[in-house]
Amino acid sequence: MTTAPIVVRKYGGSSVADLDRLRRIADALGSVAQAGHPLVVVVSAMGKTTSELIALAEQAGSAGGADELPRRELDMLVSTGERVTMALLSIILHGLGQRAVSFTGSQSGIITTDTHFDARVVEVRPHRLERALSEGRIAIVAGYQGMSRSGEITTLGRGGSDTSAVALAGALRAECCEIYSDVDGVYTSDPNRVREALHLPWIGYDFMAAMADAGARVLNREAVRLARQRGTRILARSSFDQAAVPRETQVTSDSAAPARRALVELVEAVRLSGPLDSWAAFVEATTSLDLALPETRRDRTHWHAWIKHDNESLTKLERHARHELSIHRGLSLVSLVGSAASDTPAAAALLAGYCEHVFTAPLRASALMTPARARALVPELHHRWIQPHPTSPPGPTFLPHTSIQPLSRH
Ligand code: ASP
Ligand code: MG
């Protein structure tokens with residue numbers, strides 16, 4: 001038995017997209033295990049597998065003329081994506097002479113609610129993982145999935161492998177949860193779209209949760225919520241980083257983290273509006289949707305709300321709240337996010353100078369616009385929102401457990 005701290009590490013879909021990348025990950029894991037760390041590795045499905053499986057289910061659904069896809073069967077299908085990765089990684093590790101063993105979510109003791117396709121973790125009993133670790137094995141876990149109390153396989157919502165990793169890190173009392181993807185952490189805006197975006201080395205849970213609610217996909221919102229609940233530190237890194245000390249973002253308690261601001265653009269947002277007296281019907285039809293905020297400024301006869309584009313929810317909405325509901329697809333939702341309560345009114349005031357309807361929520365304000373308008377406006381809004389708050393110094397140094405082998409992108 002070793003006394004080195006447990007390492008819980010998660011790899012996202014692009015990091016495990018093919019056998020070559022899995023092989024490089026296996027090499028890096030070998031060094032962590034060699035250093036004596038008990039190691040739990042949570043994996044996503046390879047590349048775009050999950051989306052492909054969902055598309056396949058939709059085809060099967062229309063072939064059978066189904067109105068709605070049976071969510072239990074969807075879970076049976078999409079949970080296989082991560083199982084492919086876990087088994088392949090374990091096979092590679094065996095070939096390298098490592099003692100590895102793979103587990104599904106349910107074998108790992110992840111107990112969830114019974115809401116198929118969007119379940120929440122309610123309890124984690126990682127007995128089998130603990131046993132594997134005490135036997136000196138590397139435990140590989142299929143992310144994104146668990147089991148309900150009645151023994152049904154469930155999945156945790158898109159991007160849910162982060163949630164699996166954070167839940168396991170909490171239950172195993174690991175000192176942190178390392179999340180490897182194709183980006184080296186969190187920026188003030190998407191660096192692929194905003195040239196001036198600044199890397200944020202250290203942020204708080206609430207700030208990150210507000211960014212995730214606004215549509216940032218860098219970390220899963222449910223994972224951030226669980227991390228805050230358990231006080232688990234998240235380290236977000238890139239598995240492609242070439243540096244000896246990789247760049248990262250640490251997500252820790254808000255009281256410790258410096259003041260932060262960010263701009264998030266969610267593409268594929270949908271605007272919904274209707275007369276005030278249809279609000280109740282709308283709210284009832286949206287219980288399973290991500291977010292719908294009433295907007296009361298200026299227009300007193302209609303409510304306005306937004307949701308992330310999702311065919312299933314839209315079909316349901318059209319069916320339930322059919323009369324007088326207007327639906328406008330293909331919009332961009334631009335959100336200004338901050339880490340202080342006073343940032344919300346400041347963000348709303350800035351957005352109101354450009355847009356008619358502003359939605360507010362804790363730590364952020366958002367507005368819908370056409371993608372073309374967003375393209376023109378985002379750099380200016382980023383400049384005006386972020387520049388008055390230059391990034392503060394990085395958080396405490398926390399070195400990775402090993403210098404991971406960078407993955408080649410080709
Ligand atoms: N494979 C799942 C998805 O693509 C879960 C994850 O990657 O975290 O949403
Ligand atoms: Mg994925």
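What you see below is based on every heavy atom in this structure, not just the backbone, and it leaves out hydrogens, waters and symmetry mates. Both counts, for ligands and for their atoms, begin at 1 and track the order of listing.
- Contact between Glu82 and ligand 1 is present, with at least one heavy atom of the residue lying under 4.0 Å from the ligand.
- Within a 6.0 Å radius of CZ in Arg193, other residues, nucleotides and ligands contribute 12 heavy atoms or fewer.
- The closest approach between Gly81 and ligand 1 stays at or above 4.0 Å for every heavy atom of the residue.
- Ion pair Lys10/Glu178 not flagged as a salt bridge, since none of the NZ, NE, NH1 or NH2 atoms sits closer than 4.0 Å to an Asp/Glu carboxylate oxygen.
- The residues Arg149 and Glu123 are annotated as salt-bridged, a charged nitrogen and a carboxylate oxygen being separated by less than 4.0 angstrom.
- Looking at Gly159 next to ligand 1, an N or O pair under 3.5 Å apart turns up.
- Smallest separation of non-hydrogen atoms from Leu53 and Val78: CD1-CA, 4.0 Å.
- One option in Ser14, Ser44, Ala142 has a heavy atom closer to atom 7 (O) of ligand 1 than any other, and that option is Ser44.
- No donor-acceptor pair closer than 3.5 Å links the side chain of Ser62 to the backbone N or O of Gly65.
- Between Ser161 and ligand 1, an N or O atom pair is found at a separation short of 3.5 Å.
- Shown in contact with Tyr144 at under 4.0 Å from a heavy atom are these atoms of ligand 1, numbered in order with element: 2 (C), 5 (C).
- Cation-pi geometry between Arg261 and Trp385 is met: under 6.0 angstrom from the ring centre, within 45 degrees of the axis.
- Between atom 4 (O) of ligand 1 and the options Glu52, Arg217, Arg158, the minimum heavy-atom separation is to Arg158.
- In terms of polar-atom proximity, Lys10 is not counted as a contact of ligand 1, lacking any N or O under 3.5 Å from an N or O of the ligand.
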